[in-house]
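Values in this document were obtained by computation on a predicted structure and should not be read as measured data. A note on names: the letters A, B, ... follow the listed sequences, proteins ahead of strands, and every chain is numbered from 1.
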Amino acid sequence: MTDTVDTHDQLALRRARLGALREAGNAFPNDFRRDTLAADLRARFQDVDAEALEGDPARVRIAGRMMTRRVMGKASFAHLLDGSGERVQIYARADVLPEGVYEDFKRWDVGDILGAAGTVFRTRTGELSVKVDELRLLTKSLRPLPEKWHGLADTETRYRQRYLDLMMNESTRKTFEARARTVELVRRFLVDRGFLEVETPMMQAIPGGAVARPFVTHHNALGMDLYLRIAPELYLKRLVVGGLERVFEINRNFRNEGVSTQHNPEFTMLEFYQAYADYRDLMDLTEEMFRGVAQAVAGSPRVVYQGETLDFGKPFARMTVKESILHYNPGVKPQELESLDLASAVAGRLEIPVKPTWGLGKVQVEIFEKTVEHRLQDPTFVTAYPTEVSPLARRNDADPFVTDRFELFIAGREIANGFSELNDAEDQAERFRRQVAERDAGDLEAMYYDEDYVTALEYGLPPTAGEGVGIDRLVMLLTDSPSIRDVLLFPHLRSKA
RNA sequence: GGGCCGUUAGCUCAGUCGGUAGAGCUGCUGACUCUUAAUCAGUAGGUCGGAGGUUCGAGUCCUCCACGGCCCA
């Protein structure tokens, strides 16, 4: 067999070995059943000493990918990695296995998937192991694994071939387990409070609910363009109109924008809506939810992110947009934020290119984003966003220049955005008209007029508050991941030529 | 879109001043019945991301392109 194959070509050699397996019978059997995972084995026997194991031998059936292999003549050790994320060492001996099996084993490769059965014992150095008397090759691996000691380091390969990353890097597996746990906790938190989980359209005739550029697709039979949703917001509020007074959705949004360590074209958003509540209720709810999730996922309310400690345990700071600007810009006087001319002058000093279409509210928010946002480390609610930049939020009763809205910032990034909903259909219609005017003036991110949504509002949306939470960014914080790609199993990359 | 950095064996990485390609792991052959980065001996393995250019000579210098990373917009 090997003399007809280039032995330096590992792929060809393994293909030849697979060919021999095909000759010998079924090369891809699916009749082996296991009864124990590596983690179960550890949990069950970690406190049992060698003598006790010998006196009362336990039989186990395990299966997994062979990650290491040490052949020493007529005895060998190997580690099998299974779905529990842990490894079990197996001890194979020629005189314990059935005739010929040990010789077969010596022709198997690291990366192959094996099934093994035998008795649990401890080696001289104390490692829990299985002395196998049954050993089978279940799946031949044709490609060599990355290097056993350094593992897989190449970032591009880790993203493009995530399965290798998951196999070789335990921290990657842990990150995605933490992601799943985060989503699970958020879901349970909301369900426990009477929220109903729903699914709304991913393909929308009018992309609404956020300020962003959409992806366009086409429906052939209907002969119409559709947009991948940039947010589920307007559909969820239609459901509240319909009497589903507490709803949420955890699902993908799509935004046709740049790719960065903070942005992926598709990302996961939690949105939830609660009738008979306002934005302050949601700030309280969010604080409770984040505190609980941080404790459960990171193990502490104090989360270390990229060397900085983020404290989810203490009450989250709350300040208005204007207060935060004044706090972080001691040279700016309060009056300078009260007129378009003066605020534009401040923006100019900060080298913000002010566009002629901007009103005072937009200028304030630009100043905020440039000078405040990145400095908000510990969880901080920023409130009172200008109405101008909040086309779906309810105006503040005392100051209609701003809305009853907040954004939550952690580690300098926007993590959540919530507000008391605008439920005045006529005001909403007017806000849509202003958005359309901005779109006509060249702003590709401005909203479309959604007549059907206005109609829904005309039936009456109860006083409601709603919020969106960026799940990917939350998971980044909880797993100390510097890039959004580290918390997406298959992040967007250009296709290789 | 701009700047900087990277791309060399299956993997992890060296490669000096421009002088004809290196290591470890992996693989292959052999030895070895408690190893765990097993050990020991021997050995194979390269379109140096791609295309052009400069040069007697390019992994190395220049240009363009592709992909990736970080920062900025």
Side-chain angles (χ1 to χ4, degrees), chain A residues 1-17 38 50 53-54 66-81 86-97 101-103 105-112 118-133 141-165 167-169 213 257-264 306 350-355 366 369-370 373-374 412 481-486 490-497:
Chain A
M1 171 179 76
T2 52
D3 54 356
T4 64
V5 172
D6 261 349
T7 54
H8 76 265
D9 185 342
Q10 299 184 40
L11 181 59
L13 182 70
R14 288 177 178 221
R15 285 209 165 107
R17 286 173 172 168
L53 281 170
E54 206 174 337
M66 180 159 62
M67 301 303 288
T68 64
R69 197 172 74 120
R70 293 172 293 281
V71 176
M72 302 161 300
K74 294 189 172 54
S76 297
F77 287 93
H79 276 108
L80 302 189
L81 170 67
E86 297 189 19
R87 301 179 182 206
V88 188
Q89 180 170 257
I90 59 170
Y91 180 44
R93 282 173 52 148
D95 60 358
V96 173
L97 287 163
V101 173
Y102 188 77
E103 290 310 307
F105 167 79
K106 288 209 280 187
R107 282 191 295 273
W108 299 343
D109 294 294
V110 168
D112 287 353
T119 53
V120 180
F121 75 108
R122 276 187 193 279
T123 63
R124 222 168 263 165
T125 53
E127 179 169 348
L128 272 177
S129 305
V130 178
K131 183 184 285 186
V132 296
D133 48 47
S141 172
L142 294 176
R143 293 179 183 269
L145 254 34
E147 209 243 11
K148 63 183 173 186
W149 185 241
H150 298 93
L152 177 65
D154 182 72
T155 325
E156 191 173 349
T157 309
R158 287 184 48 222
Y159 296 153
R160 288 192 196 276
Q161 294 177 275
R162 183 67 90 180
Y163 47 90
L164 289 178
D165 189 26
M167 257 181 239
M168 303 306 297
N169 298 316
R213 296 184 64 175
E257 294 163 356
V259 176
S260 77
T261 53
Q262 308 294 318
H263 299 87
N264 197 66
Q306 302 295 289
L350 294 165
E351 295 175 353
I352 296 168
V354 177
K355 292 184 184 158
E366 290 287 329
E369 287 178 0
K370 172 107 181 190
E373 189 171 318
H374 64 278
S481 300
S483 169
I484 195 170
R485 296 179 204 105
D486 297 323
F490 299 100
H492 177 79
L493 299 176
R494 283 175 208 272
S495 20
K496 276 231 160 180

Open item on the list: Output the pairing pattern of RNA chain B as a dot-bracket string, 5' first, Watson-Crick or G-U wobble with both distances under 3.5 Å, | for cross-strand pairs, [ ] for crossing pairs.
Closed with: (((((((..((((.....[..)))).(((((.......))))).....(((((..]....)))))))))))).

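For the pair A/M67 and A/R87, the minimum side-chain heavy-atom distance is below 4.5 Å.
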Task: Summary of protein contacts for nucleotides 68-73 of chain B, nucleotide by nucleotide, where a base hit scores B, a sugar-phosphate-only hit scores S (4.0 Å, heavy atoms) - done: SSSS--

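If you check every strand for non-hydrogen atoms under 4.0 Å, A/V110 touches nothing. Here A/F121 lies in heavy-atom contact (under 4.0 Å) with a base.
Nucleotides B/G45 and B/U26 place their C1' atoms 11 Å apart, quoted to the nearest Å. Taking atom P in both B/G24 and B/C40, the straight-line distance is 12 Å, to the nearest Å. Using P as the reference atom, B/C72 and B/U63 are 26 Å apart when rounded to the nearest Å. Nucleotides B/G18 and B/U60 are separated by 11 Å at their P atoms, to the nearest Å. Annotation: B/C62 and B/G22 have their C1' atoms spaced 27 Å apart (nearest Å). The P atoms of B/C5 and B/U43 are separated by 41 Å, rounded to the nearest whole Å. Between the C1' atoms of B/A58 and B/C17, the separation comes to 14 Å (whole Å). Spacing of P atoms, B/A9 relative to B/A37, comes out at 27 Å, to the nearest Å.
Remark: A/Y102 pairs with A/S76 by the side-chain hydrogen bond (donor to acceptor under 3.5 Å, both in side chains) rule, at least two apart or across chains. Scanning for side-chain contact (heavy atoms from CB on, under 4.5 Å) contacts around A/K355 gives A/T357, A/W358, with sequence neighbours left out. Residues satisfying the side-chain contact (heavy atoms from CB on, under 4.5 Å) criterion with A/E147, sequence neighbours excluded, are A/W149, A/H150. Partners of A/R213 according to the side-chain hydrogen bond (donor to acceptor under 3.5 Å, both in side chains) rule, which considers only residues two or more places apart in sequence or in another chain, do not exist here. Considering only residues two or more places apart in sequence or on other chains, A/R143 meets the side-chain hydrogen bond (donor to acceptor under 3.5 Å, both in side chains) condition with none of them. For A/F121, the ring-ring contact (aromatic ring centres under 6.0 Å, His included) partners at least two apart in sequence or on another chain are A/Y91. Remark: A/D486 engages A/Y159 in a side-chain hydrogen bond (donor to acceptor under 3.5 Å, both in side chains) (not counting sequence neighbours). Residues passing the side-chain contact (heavy atoms from CB on, under 4.5 Å) test with A/V101 are A/L97, A/P98, A/L135, sequence neighbours excluded. In this structure, the side-chain contact (heavy atoms from CB on, under 4.5 Å) partners of A/E156, at least two apart in sequence or on a different chain, are A/D154, A/R160, A/K496.
Note on A/R17: a side-chain N or O is less than 4.0 Å away from OP1 or OP2 of B/C28.
Between A/M72 atom CE and B/A41 atom C1' the separation is 18 Å, expressed in whole Å. If you take CE of A/M168 and P of B/G10, they are 16 Å apart, rounded to a whole angstrom. Protein atom NZ of A/K74 is 16 Å distant from nucleotide atom C1' of B/C34, rounded to whole Å. Put simply, CD on A/E257 is 15 Å from C1' on B/G1, counting in whole angstrom units. Straight-line distance from the CZ atom of A/R158 to the P atom of B/U12: 11 Å, rounded to whole Å. In this structure, CZ of A/R143 is placed 16 Å from C1' of B/U26, rounded to the nearest angstrom. Note: NZ (A/K106) to P (B/C28) measures 12 Å, nearest angstrom. Residue A/W108 contributes atom CH2, which lies 16 Å from atom P of B/G27 at whole-angstrom precision.
Among the nucleotides B/C32, B/C28, B/U12, the one closest to the side chain of A/L13 is B/C28. The side chain of A/Q10 has B/G10 as its nearest neighbour among B/G10, B/C13, B/U33.
Defined by atom type and a distance below 3.5 Å, a donor-acceptor pair is missing between the side-chain atoms of A/H79 and A/E86.
Mapping A/D109 and A/V71 onto RNA chain B by nearest heavy atom places A/D109 closer to the 5' end of the strand. RNA chain B is contacted by both A/D154 and A/E127; A/D154 maps to the nucleotide lying nearer its 5′ end (nearest heavy atom per residue).
Within 3.5 Å, a donor on the side chain of A/Q89 pairs with an acceptor on the base of B/U35, or the reverse.
No side-chain donor-acceptor contact under 3.5 Å links A/D109 to the backbone of A/G111.
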Show the distances under 3.5 angstrom between N or O atoms of the protein and N or O atoms of nucleotides 23-25 of chain B.
{"residue": "B/G24", "atom": "N2", "partner": "A/E147", "partner atom": "OE2", "Å": "3.4"}
{"residue": "B/C25", "atom": "O3'", "partner": "A/K148", "partner atom": "NZ", "Å": "3.2"}

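The two residues A/G151 and A/M168 come nearest to each other via the heavy atoms CA-CE, 4.3 Å.
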